[in-house]
Amino acid sequence: MKNVTAALVLSLFIGSTVHAQDDRSVRLGIKLAPNMGFLSPDTKGLSSDGSRLGFTFGLMSDFMLGTNKNYAFSTGLYLNNVGGKLKQNVAYIVDGQAREGALSSELKLQYIEVPLTIKLLTNEIGYMRYFGQLGFGPAFNIAAKATTTVPQGSGIEAMDDEDFQDNIALFRASLVVGAGLEYNFSGNTSLMAGVNYSNGFTNTLNDLEVDGKNAQAKQHYVELNVGVFF
């Protein structure tokens, strides 16, 4: 009889825990995401010169939609450190002779990002749930620095981690596509892991010219997400 009573109490406890988890309409958590960013130029004479490692961290939140908890409006407030490298062919004169060389620039960009996405989740399989994510990533630039490497003897002034914010557009918009999984430890605590691709579709550069034309380049990044919902 004691064993039966204990089993009933345990069942009620587990049932109430699961019920409390299912009834949550808002989930909050923290996220840390290393990323690899690169720039995609749309201007002749300007080309990509490689990627740059960065990271994102901040608060993530899910607003559950419907009664089955398989859909959510997912957003957050993130400090996003991204960047990329650009290369520009330049002409210069040394000892009366015309020469050409490459000017390479590494950009370090910092944004406040508030993603607006829809998350589609599977039912729990064991302790796991899988999800896909799609939406937009509006972001606002708050800092930018540049380091340039110039051809020797070109007479062009190099930059060493100098302020570059005046030449970076204030607003960045992107399409966000992602997928991942959640592992439930107990109650409301779940570990989240996944991969996102942020495809920028607005010009990152501002008030820069290449061969007399306004320079155009879009910033993209891939990030590995790790977070905890509480």
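Atom set for the values below is all heavy atoms of this structure, side chains included, hydrogens, waters and symmetry mates excluded.
In this structure, Leu205 and Leu86 have side chains that are in contact, with non-hydrogen atoms separated by less than 4.5 Å. Looking at Ile30 and Phe229, their side chains never come closer than 4.5 Å, going by heavy atoms from C-beta outward. Taking 4.5 Å as the limit, some side-chain heavy atom of Thr43 sits within range of a side-chain heavy atom of Val210.
For CG of Asn68, the number of neighbouring non-hydrogen atoms (other residues, nucleotides, ligands) closer than 6.0 Å is greater than 12. Atom CZ of Phe136 sits in a sparse spot, with 12 or fewer heavy atoms from other residues, nucleotides or ligands closer than 6.0 Å. Residue-environment remark: CE (Met159) exceeds the threshold of 12 foreign heavy atoms within 6.0 Å.
Closest approach of Ala143 and Asn141 over heavy atoms only: O-ND2, 3.1 Å.
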Subject >> Derivation of the salt bridge (charged side-chain N to carboxylate O under 4.0 Å, His left out) call for Lys44 and Asp211 >> reply: CA-CA 8 Å; Lys44 187 176 180 180; Asp211 296 333; over 6 Å; no
Original post:
Can you check salt bridge (charged side-chain N to carboxylate O under 4.0 Å, His left out) on Asp62 and Arg27, steps first, answer last?
Top reply: CA-CA 5 Å; Asp62 283 352; Arg27 301 194 305 163; 2.8 Å; yes
**OP:** Could you please spell out the steps behind the ring pair (Phe, Tyr, Trp, His ring centres under 6.0 Å) verdict for Phe38 and Tyr221?
**Re:** CA-CA 6 Å; Phe38 61 96; Tyr221 64 87; 9.3 Å; no
Subject >> Worked check of side chain to side chain donor-acceptor pair (under 3.5 Å) between Asn123 and Asn70 >> reply: CA-CA 7 Å; Asn123 292 326; Asn70 291 122; 3.1 Å; yes
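A cation-pi contact, defined as under 6.0 Å to the ring centre and within 45° of the axis, links Lys31 to Tyr78. Annotation: cation-pi geometry not satisfied between Lys145 and Phe164 (NZ/CZ under 6.0 angstrom from ring centroid, within 45° of ring axis). Tyr92 does not carry Arg99 over the face of its six-membered ring by the limits of under 6.0 Å from the centre and within 45° of the normal.
Met36 and Val195 are not part of a single hydrophobic cluster, where members link through side-chain heavy atoms under 4.5 Å apart. At a threshold of 4.5 Å between side-chain heavy atoms, the hydrophobic network of Ile, Leu, Val, Met, Phe, Trp and Tyr places Tyr127 and Leu191 in one connected group. By the rule that hydrophobic residues join a cluster once side-chain heavy atoms approach within less than 4.5 Å of another member, Leu32 and Val114 end up as members of one cluster. Residue Val228 is grouped with residue Tyr183 when hydrophobic side chains (ILVMFWY) are merged at heavy-atom distances under 4.5 angstrom, including chains of intermediate members. Cluster annotation: Phe131 is connected to Met60 through the hydrophobic network of ILVMFWY side chains, with a link wherever side-chain heavy atoms come within less than 4.5 Å.
Although no hydrogens or angles enter the test, the distance criterion places no donor-acceptor pair under 3.5 Å between the side chain of Asp49 and the main chain of Ser105. A donor-acceptor distance shorter than 3.5 angstrom exists from the side chain of Asn184 to the backbone of Gly187, with no hydrogens or angles considered. When atom types are taken as modelled, the side chain of Gln219 and the backbone of Gly83 share a donor-acceptor pair closer than 3.5 angstrom. Within the 3.5 Å criterion, the main-chain N or O of Ala173 finds a donor-acceptor partner in the side chain of Thr202. A donor-acceptor pair is defined here as one N or O able to donate and one able to accept, closer than 3.5 Å; such a pair exists between the side chain of Thr122 and the backbone of Tyr130. When atom types are taken as modelled, the side chain of Thr117 and the backbone of Ser74 share a donor-acceptor pair closer than 3.5 angstrom. Distance alone, capped at 3.5 Å, is enough to place a donor-acceptor pair between the Thr75 side chain and the Pro115 backbone.
Side chains of Ser174 and Ser198: a donor-acceptor N/O pair is present below 3.5 angstrom, by distance only.
Partner of Glu182 under the salt bridge (Lys or Arg N to Asp or Glu O under 4.0 Å) criterion, chosen from Lys69, Lys119, Arg129: Lys119. Shown are Thr204, Leu109, Leu53; of these, the side chain to side chain contact (heavy atoms under 4.5 Å, CB included) with Val82 is made only by Leu109.
The aromatic rings of Phe57 and Phe55 sit parallel, their planes meeting at an angle under 30°, below the 60° perpendicular limit.
A salt bridge between Glu106 and Lys87 is absent, with no side-chain N of the basic residue lying under 4.0 Å from a carboxylate O of the acidic one.
Between Phe171 and Phe140, the distance separating the two ring centers is shorter than 6.0 angstrom.
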